[in-house]
S.K.: 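Okay, handing you the structure first.
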2 protein chains.
Amino acid sequence: MSKADDSLHRRPDLRAARPVPSLQGITEMAARDRAYHDLRYRILMGRLAPGTTLLETELAGLLNLSRTPVREAVIKLAEEGLVEVRPRHGVTVKPLTVKDVADILDIFSALEVRAVELVARIGLPATEWRQLERLASDMERETARGDIAAWSELDDEFHAHIVALCGNDRLQEALGACWGQQYRARLCIVPLRPSPVQSDLEHRGILEALKLGDSALARLRHQQHRDRADAQQLHLLKSHLGTNGMA
Amino acid sequence: MSKADDSLHRRPDLRAARPVPSLQGITEMAARDRAYHDLRYRILMGRLAPGTTLLETELAGLLNLSRTPVREAVIKLAEEGLVEVRPRHGVTVKPLTVKDVADILDIFSALEVRAVELVARIGLPATEWRQLERLASDMERETARGDIAAWSELDDEFHAHIVALCGNDRLQEALGACWGQQYRARLCIVPLRPSPVQSDLEHRGILEALKLGDSALARLRHQQHRDRADAQQLHLLKSHLGTNGMA
DNA sequence: CTTCCAGACAATGCATACATTGATTCAACA
DNA sequence: TGTTGAATCAATGTATGCATTGTCTGGAAG
């Protein structure tokens, strides 16, 4: 049995829940994964703009690899919904329409609400609860300072941390995939966001429900949190970008 | 624009929601997809028993293909959770533990409830409603006749049909993946199932809520339906198979 | 007898070669 | 001038070859 296997079930693995781009230690990975992470990173960060079309050969050249691992990476990205492969036209970085984001958020929301419900049912270890409290406080501090970007990072971490405790690896992984898809949309509305006072309040409410172990309450509160936050996100997207494709 | 593209948004595509194994027209597919569908079929139908381990080369020989398309198919199956690849030990058909099934059903349930809610919100076209009514009636007939297998098929179709109307392709696709994963578990408890009178009643209730366009009611009823049905399925699995891996 | 090390072997991961097939262009005919 | 057809070309999908690397076995030493 490998080390990776048993470590998987001891501490919550944040990376699985938070596929926020990161390229550390990318050199020691297999070529296929390097290609995957590299391309994903470029797409999510906007360095590969939506609509960009490249041939498999060009991608291989770009990454200094042969077509085989690049191809496998591209297939994975396509299944994840980040690119589209049209058999003789190359792979295109998918633009996200508002409808796309709405669809993604629908899935994301349904899954995350369930995850929170599960966490409440399992019960939140004291250590984790303290960590989450700390994150909530940090967010409130950033709200006060008006640093929305920092707040947003912490928000990601907060949600991911809860999800990582749900005990359902598949659920966590599915959420990771959704996360990646909505990341670009999230990025581009960060500067437009109003002060997240309401979210901070709701986070406290969710934490309280989790601490109580009241799964129905946690479920309800998180559902409301997401409904409101998603509606806001969609509203911002719609009003500032029209309904066409975008980053 | 290709034919497949616009047809996708006209009529509900049941295949996407119902990845029930089927191998028709498999000869005219690309090798990669042939490999994928063929292997998936064999796994889901139990012709490749859980625990079976094969080398890439052996699989290629089995399907009369080279390693490349087989490899891509295997990667897809692995992402879907049906097989596990251990780098120098071959690919193993994953056994499903009760915990696995519980995890899968958790996701499935969360997503399907959301899908039903969406359908209620969108509104159910009269044509579709009539189709669903017909399916419900057919199920009731099978219940009366005591043909659980036939009932189960219809139940699949009923659920898939509703999901296909939710207007969220990604959601539908995600449900398809879950479906595949729980299929084996479902298969092996079919003969153990009690008469599904309760499900028939609940189906009527869901249809009613859908007809009314009451999304909250639809959501509630479907949630209850799934909770009960899933619990029953898990109970049957647990009591008749122990907690170890199985088909 | 058990454990550790070294060497051989074989499966995979990557690279590359090849064939298929669809797109594009140019020309001819209506 | 517009449309249709064929021919060429190039990108992908598949096959195969090669090198890396992990595993397993056998032997020796503690």
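Note on naming: letters A, B, ... go to the chains in the order of the sequence lines (proteins, then strands), and numbering restarts at 1 for each one.
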S.K.: Want to settle it: does Arg88(A) or Arg32(A) sit nearer the 5' end of DNA chain C, counting the closest nucleotide to each?
M.R.: Arg32(A)
S.K.: Within residues 58-77 of chain A, which residues have any heavy atom lying less than 4.0 Å from an atom of DNA chain D?
M.R.: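 Within this stretch, Arg67(A), Arg71(A) sit under 4.0 Å of the strand.
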S.K.: Just by distance, with hydrogens left out, do Thr53(B) and Arg86(B) show a side-chain donor and acceptor under 3.5 Å apart?
M.R.: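 Side-chain D/A pair, Thr53(B) to Arg86(B): absent.
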S.K.: Taking 5' to 3' order, which nucleotide of DNA chain C is first and which is last to have an atom within less than 4.0 Å of a heavy atom in chain A?
M.R.: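 Both ends considered, the range comes out as dC14(C) to dT24(C).
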S.K.: Report the residues that fulfil ring-ring contact (aromatic ring centres under 6.0 Å, His included) with Tyr36(B), sequence neighbours left out, ordered by chain and then residue number.
M.R.: none
S.K.: Could you pull out all residues at least two apart from Arg170(B) that satisfy side chain to side chain donor-acceptor pair (under 3.5 Å)?
M.R.: Asp100(A)
S.K.: Kindly write out the residues that satisfy side chain to side chain donor-acceptor pair (under 3.5 Å) with Ser152(B), not counting sequence neighbours, or none if the list is empty.
M.R.: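 In terms of side chain to side chain donor-acceptor pair (under 3.5 Å), with neighbours along the sequence ignored, Ser152(B) is linked to no residue.
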S.K.: Suppose we screen for side chain to side chain contact (heavy atoms under 4.5 Å, CB included). Which residues come up paired with Ala49(A), at least two apart in sequence or across chains?
M.R.: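 By the side chain to side chain contact (heavy atoms under 4.5 Å, CB included) rule, Ala49(A) matches Thr52(A).
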S.K.: My understanding is that only residues two or more places apart in sequence, or in another chain, count here; which of them pass side chain to side chain contact (heavy atoms under 4.5 Å, CB included) with Gln131(A)?
M.R.: His161(A)
S.K.: Return the set of residues passing side chain to side chain donor-acceptor pair (under 3.5 Å) with Arg121(B) (not counting sequence neighbours), or none when no residue passes.
M.R.: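 Partners of Arg121(B) under the side chain to side chain donor-acceptor pair (under 3.5 Å) test: Glu117(B).
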S.K.: Please identify the 5'-most and 3'-most nucleotides of DNA chain D with any atom under 4.0 angstrom from a heavy atom of chain B.
M.R.: dT14(D) to dC24(D)
S.K.: Could I get the full list of side chain to side chain donor-acceptor pair (under 3.5 Å) partners for Asp230(A), not counting sequence neighbours?
M.R.: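 Here the qualifying residues are Arg226(A).
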S.K.: Taking salt bridge (Lys or Arg N to Asp or Glu O under 4.0 Å) as the test, write out the residues that go with Arg32(B), two or more places apart.
M.R.: Glu72(B)
S.K.: Show me the side-chain donor-acceptor pairs of residues 59-70 of chain A shorter than 3.5 Å, one per line, residues at least two apart or across chains.
M.R.:
| residue | atom | partner | partner atom | Å |
| --- | --- | --- | --- | --- |
| Ser66(A) | OG | Thr68(A) | N | 3.4 |
| Arg67(A) | NE | Glu56(A) | OE1 | 3.2 |
| Arg67(A) | NH2 | Glu56(A) | OE1 | 3.2 |

